[in-house]
There are 2 protein chains.
Amino acid sequence: MKQVAERAGVSTSTVSHVINNTRVVSEDVRQRVLAIIEEMRYIPSAVARSLKNDRTQTIGMMVPNNSNPYFAELIQGIEDAAFKVGYNVILCNAYEDPKKQAAYLRVLIEKRIDGLILVASSADQELARLLRALAVPIVLVDREVDGVPADFIKADHEEGGYLATRHLIELGHRDIACISGPADLLSSRDRVRGYLRALREAGLRFRLDYLVRSNFTGEGGYRALQRLLRLPKRPSAVFASNDLSAIGSLCAASEAGLRIPDDLSVIGYDDIALASYTTPRLTTVAQPKYEMGQRITNVLIERIMGGHLPTRRELLQTRLVVRQSTATHA
Amino acid sequence: MKQVAERAGVSTSTVSHVINNTRVVSEDVRQRVLAIIEEMRYIPSAVARSLKNDRTQTIGMMVPNNSNPYFAELIQGIEDAAFKVGYNVILCNAYEDPKKQAAYLRVLIEKRIDGLILVASSADQELARLLRALAVPIVLVDREVDGVPADFIKADHEEGGYLATRHLIELGHRDIACISGPADLLSSRDRVRGYLRALREAGLRFRLDYLVRSNFTGEGGYRALQRLLRLPKRPSAVFASNDLSAIGSLCAASEAGLRIPDDLSVIGYDDIALASYTTPRLTTVAQPKYEMGQRITNVLIERIMGGHLPTRRELLQTRLVVRQSTATHA
DNA sequence: CTGTTAGCGCGTTCAC
DNA sequence: GTGAACGCGCTAACAG
């Protein structure tokens, strides 16, 4: 910048002002400076600017694992929305490891991110302490953290679980199993609660052996369905509480010689892109991932901009997507 | 930091040195400073440090789309390896849009990234110009850019396509179709070249109508297989040149009433995580994604560290993974 | 073993 | 309409 100023025969402050349009500059000087900038291929340093401004135009995005299609699609929505408003995203995979998560938070603070989007891997007191000390706006997604008064956004998982189960009930199923996620995740428990509510509302008895806990992976869904198929009285329908485990279930069912949806109905949850191309195409409950990404980002930016609003708590609507893995029960 | 120095009764340079272990400090002073740092919850500013050092410990990662499982898994490997050596990753989705890619590059330069990993969306002269002006180390992945003498790493796609096709041939297939990716991608053309080589080597005639161009998506694979099934003489096996399109093919075949692998063999490419749980489980050619991530990162870091080595050009080995979507031809 | 000083590249106040 | 000067927080000489 100094060199640009020199070559243009002006002061650095003038150069700064033409770059940022922050005060009136005579047209000829302006053109001259712009020309020199172009010629020298000068590109201002965001790090120097950040040191001055105390704002980095960078946000941290912490997820358990960006390979999980649900997170991948969420990240995409966020990255998209952030770029549109001039922010970059630092990607952090915590792998459900509190140590790694803490280490990452430390680095993010050093880097002086302007805000953090956190899908928490663990929600212990240690994390709560760290987050309170963080001093930057935070948006919590899917997983709340006790003692951290931050904005919180998730889909309405209870309603989603209810929609899935009611769909099966309306198809005439009465023996409906549920493959859940990890018990310590609220988003998982909520889906199960929705499942239970639908059963109760329909006057169906809940059988403990029809609720099998899994871990939101393909492998987990595969094994969970195998267990269900070994039961004396097999279910005629299964609510797999995310698409990955639903896909694993499809695989296990097929290997057991069952035809879907004729012999067994399967419904998933999330509506990842691939759910449209499973065999058969997966009926599922869609989370509004793109909208969520937009919303999360906008809430965070708003908070960064200094709105001293009360903390938000938003529930987004889910939606039933009927495809071919569910059918009426004989 | 100034405040820490004050409260500890030392100079800021001493504080700096205890933080960085960069010169000897008497044990008592050291302990005192550390205590104050703890007490004040002081965390050094990486942005000030970067301004001084001219290194941000940040790398840019530009991909077409992080939701594509292949890229997602690659990103994961890279992010992992980078974190281990003290680097963060800024995620950039270019969506095959040269404009967006260019805009992103601009921001990354402003942010003064230390290096760039680029899976190029377009490889025009404009991009080459930008990259040459970038002045930071670059590792190109999968897609080369003419006129940019950067390190280049990819899997051996020609060999991969050959492996896939030869597998089908060894199973007794003679009518083998290929669903390719976009014609402008070298990684796509290479796979097709491997396919052709295997055919030739086995003395099988290449039929133009057995090569259908697609776009590496589930939808694309679905439609491509539909076209193949309308042919007067149907193929008995298909090499889908990535897993997404293989999965789409599985879906189309199933809807057409074909049984896989009895009526049609399908082999994919990439070995994404979900390939283990399709119905039936997908036979595919695995790219060593984790290794690639490690390797890419290490090459970049080495280059950042100032190795003035000749530009590298590395081909990583692929591997056939036989599962259940391929079978011997009657 | 420790402190003083200068400067990294910007934005901003104040003076002209 | 423009420039000089200061400081953001840190590290790297240089001095003692």
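Below, read A as the first sequence line, B as the second, and so on, with proteins coming before strands; counting in each chain starts at 1.
For the pair B/Asp97 (side chain) and B/Lys99 (backbone), a donor-acceptor distance under 3.5 Å is present.
For B/Lys111, the salt bridge (Lys or Arg N to Asp or Glu O under 4.0 Å) criterion is met by no residue, not counting sequence neighbours. In this view, A/Arg132 satisfies the side chain to side chain donor-acceptor pair (under 3.5 Å) rule with no residue, not counting sequence neighbours. Residues meeting the salt bridge (Lys or Arg N to Asp or Glu O under 4.0 Å) test with B/Arg312, sequence neighbours left out: B/Glu302, B/Glu314. Residues meeting the salt bridge (Lys or Arg N to Asp or Glu O under 4.0 Å) test with A/Arg32, sequence neighbours left out: none.
The side-chain heavy atoms of B/Gln101 and B/Leu118, taken from C-beta on, include a pair separated by under 4.5 Å.
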Quick one: which protein N/O atoms are closer than 3.5 Å to N/O atoms of nucleotides 4-6 of chain D? Pair and distance per line, please.
none

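Rounded to whole Å, the distance from CE on B/Met1 to P on D/dC10 is 6 Å. Going from atom CD of B/Gln57 over to atom P of D/dT11 covers 12 Å, rounded to whole Å. Atom pair A/Arg112:CZ and D/dG9:P shows a separation of 8 Å (rounding to whole Å applied). Atom pair B/Lys2:NZ and D/dC8:C1' shows a separation of 9 Å (rounding to whole Å applied). Atom CD of A/Glu6 is separated from atom P of D/dG3 by 13 Å (rounded to the nearest Å). For the pair A/Lys111 NZ and D/dC10 C1', the computed distance is 16 Å after rounding to whole Å.
Screening residues 46-94 of chain A for ring pair (Phe, Tyr, Trp, His ring centres under 6.0 Å) gives A/Phe83-B/Tyr104 as the qualifying pairs, with residues at least two apart or on separate chains. Among residue pairs with one or both ends in residues 55-77 of chain B, those qualifying as salt bridge (Lys or Arg N to Asp or Glu O under 4.0 Å) are B/Glu73-B/Lys289; sequence neighbours excluded. Listed by first then second residue, pairs satisfying side chain to side chain donor-acceptor pair (under 3.5 Å) with a partner in residues 43-53 of chain B number zero, not counting sequence neighbours.
Salt bridge annotation for A/Asp80-B/Lys100: present, with a cationic side-chain nitrogen under 4.0 angstrom from a carboxylate oxygen. Contact check on B/Lys154 versus B/Glu144 returns no salt bridge, with no Lys/Arg side-chain nitrogen under 4.0 Å from an Asp/Glu carboxylate oxygen. B/Lys2 and B/Glu6 are not joined by a salt bridge, as no carboxylate oxygen comes within less than 4.0 angstrom of a charged side-chain nitrogen.
Contacts between chain B and DNA chain C, taken as any atom within less than 4.0 angstrom of a protein heavy atom, begin and end at C/dC1 to C/dG9.
Listed by residue number, the members of residues 34-47 of chain A with any heavy atom below 4.0 angstrom from DNA chain C are A/Tyr42, A/Pro44, A/Ser45.
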Just distance, no hydrogens or angles: give the donor-acceptor pairs under 3.5 Å from side chains in residues 16-25 of chain A, sequence neighbours left out.
{"from": "A/His17", "atom 1": "ND1", "to": "A/Ser13", "atom 2": "O", "distance (Å)": "2.9"}
{"from": "A/His17", "atom 1": "ND1", "to": "A/Arg23", "atom 2": "NE", "distance (Å)": "3.2"}
{"from": "A/Asn20", "atom 1": "ND2", "to": "A/Ser16", "atom 2": "O", "distance (Å)": "3.1"}

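As judged by a 4.0 angstrom heavy-atom cut-off over every strand, A/Asn20 is placed among residues touching the sugar-phosphate backbone only.
If one axis is set at each end of the helix from C/dC1-D/dG16 to C/dC16-D/dG1 from five pairs, those axes are 40° apart, to 10°.
Between B/Leu51 and A/Thr14, it is A/Thr14 whose nearest contact on DNA chain D lies nearer the 5' terminus.
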